[in-house]
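One structure is given here, and the rest of the page talks about it.
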Amino acid sequence: MTITSPHLGSSKAWTDAQLLYALEEVVEKELNRHLKVAKDWMPHEYVPFSDGRNFPGIFEDGEAWAADQSKVTDIGKIALVVNLLTEDNLPSYHHEIASLFGRDGAWGTWVHRWTAEEGRHGIVMRDYLLTSRAVDPDKLEQFRMAHMAEGFESDNRHSMLHSVAYVAFQELATRVSHRNTGHQSGDPVCDRMLARIATDENLHMVFYRNLLGAAFELAPDLTMQAVRDVVVNFRMPGHGMPGFERAAAQMAIGEIYNMRIHHDDVIQPVLRYLKVMNIDGLGPEGMKAQEELGLYMGGLDSEAAKFDEKLAARKARMAARGRA
């Protein structure tokens with residue numbers, strides 16, 4: 001099936017303000033759909049508070065943190081810290097999208113609702129980490145302060161369409177990262193908590209993905225260029241946190257998030273659902289962006305295949321050592 005968008009002529013005429021106005025009805029429709037399917041949940045219901053005990057401080061009976069106090073796996077601890085520090089920058093994310101999308105009408109209602117739902121994620125993850133003693137609480141707070149003190153500026157703040165395209169992919173990437181972290185955590189309680197968070201992230205992805213689909217109908221050339229730019233230059237929002245590169249490499253080896261997962265479980269599903277590579281009726285710039293997107297995806301798949309081979313070889317070496 002192909003998608004034809006022949007009715008608007010040159011999409012270069014669209015400004016951000018015009019697109020925000022034109023998409024208002026779609027935002028209202030998607031907001032109403034989201035509110036019908038989203039389920040409220042209580043962060044405290046996912047945290048085993050009875051397992052908790054005091055840390056040193058004002059409590060004389062405080063017990064110092066030690067690495068062996070938690071059942072969470074090493075890779076689970078690394079990923080949980082990355083995921084939580086990413087959630088911690090919510091004030092900056094709210095500022096970014098509120099500045100782009102506005103605080104009034106359906107757009108504003110969505111911005112505030114999204115922020116409120118995302119706030120739960122940081123609450124429940126921090127409570128779990130401290131209660132389960134999965135990570136050093138002093139270092140966790142030091143990382144939070146360093147990360148938030150740096151602030152956050154989106155790579156796509158210059159364009160409303162680029163921002164919509166980015167969050168369509170990023171929300172799915174976050175969902176996948178949370179879900180895989182739960183699977184690799186070694187703790188069923190952690191797995192259930194992150195599954196709950198992942199459900200929210202998936203609903204957020206659906207909102208933005210459907211909005212991106214509507215943008216293709218309105219301004220196909222501009223939207224195609226935005227998708228091309230976002231996919232080619234994609235970075236997770238936590239890329240600026242302390243030690244991110246090392247943590248990302250460990251998460252890649254631990255199969256929480258790597259090139260294969262990024263290609264197969266994040267980028268391709270959105271492109272496939274929106275039939276991005278089958279859209280016709282594009283102008284020269286849109287066709288160029290579509291072609292470049294296809295070439296990039298082919299290259300990403302090839303790089304992912306190389307990573308798969310290296311990961312398989314590493315697993316084989318580790319298995320051989322285990323048998324020795």
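If you read the sequence from its start, that first residue is 1, and numbering goes on from there. Note that the structure is a prediction, hence the values are computed from the model and not measured.
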Q) Does a side chain donor of either E255 or H183 reach within less than 3.5 Å of an acceptor in the other side chain? A) no

**Q.** Joint cluster assignment, M287 & M224, ILVMFWY side-chain distance < 4.5 Å
**A.** yes

Q) Between Q250 and I78, is there a donor-acceptor pair closer than 3.5 Å when you use the side chain of the first and the backbone of the second? A) no

Q: Return yes when atom CG of D104 has more than 12 non-hydrogen atoms of other residues, nucleotides or ligands closer than 6.0 Å, and no otherwise.
A: no

Q: Go through the side-chain N and O atoms of S92 and E96 and say whether any donor and acceptor fall under 3.5 Å apart.
A: no

(Q) Taking the ring of H34 and the ring of W110, is the distance between their centroids below 6.0 Å? (A) yes

Q) Which heavy atom in S185 sits nearest to a heavy atom in D191, and how many Å separate them? A) OG-N, 4.1 Å

**Q.** Side chains of F244 and L85 in contact at under 4.5 Å (non-hydrogen atoms)
**A.** no

Q.
Determine whether the aromatic ring centres of residues Y257 and H262 are separated by less than 6.0 angstrom.
A. yes

**Q.** Donor-acceptor contact present, side-chain Q18 to main-chain T15, <3.5 Å
**A.** yes

Q) For the side chain of Y166 and the backbone of V231, is there at least one donor-acceptor N/O pair under 3.5 Å apart? A) no

Q) Aromatic rings H121 and W41: how do their planes relate, parallel, tilted or perpendicular, breaks at 30° and 60°? A) parallel

Q.
Please check this pair: side chain of E217 against backbone of A214, looking for a donor-acceptor N/O pair closer than 3.5 Å.
A. no

Q | For S163, side chain to side chain donor-acceptor pair (under 3.5 Å) partners two or more places apart | A | none

**Q.** Residues that R33 engages under side-chain contact (heavy atoms from CB on, under 4.5 Å), provided they are two or more places apart
**A.** E30, V37, V206, F207, N210

**Q.** Donor-acceptor contact present, side-chain N233 to main-chain D229, <3.5 Å
**A.** yes

Q) Do D127 and Y46 have side-chain atoms, one donor and one acceptor, less than 3.5 Å apart? A) no

(Q) Within a 6.0 Å radius of atom CD on E25, are there more than 12 heavy atoms belonging to other residues, nucleotides or ligands? (A) no

Q) Just by distance, with hydrogens left out, do D88 and H147 show a side-chain donor and acceptor under 3.5 Å apart? A) no

Q) Are the side chain of N32 and the backbone of E28 linked by a donor-acceptor contact shorter than 3.5 Å? A) yes

Q.
Quick one about N83 and S177 (side-chain donor to acceptor, distance below 3.5 Å, no hydrogens or angles considered), yes or no?
A. yes

Q) Judged by atom type as modelled, is there a donor-acceptor pair below 3.5 Å linking the side chain of S132 to the main-chain atoms of S70? A) no

(Q) Checking F169 against Y208 for the ring pair (Phe, Tyr, Trp, His ring centres under 6.0 Å) test, could you report, in this order, the C-alpha distance in whole Å, the side-chain angles of both residues, the deciding distance, and whether it holds? (A) CA-CA 9 Å; F169 295 106; Y208 288 119; over 10 Å; no

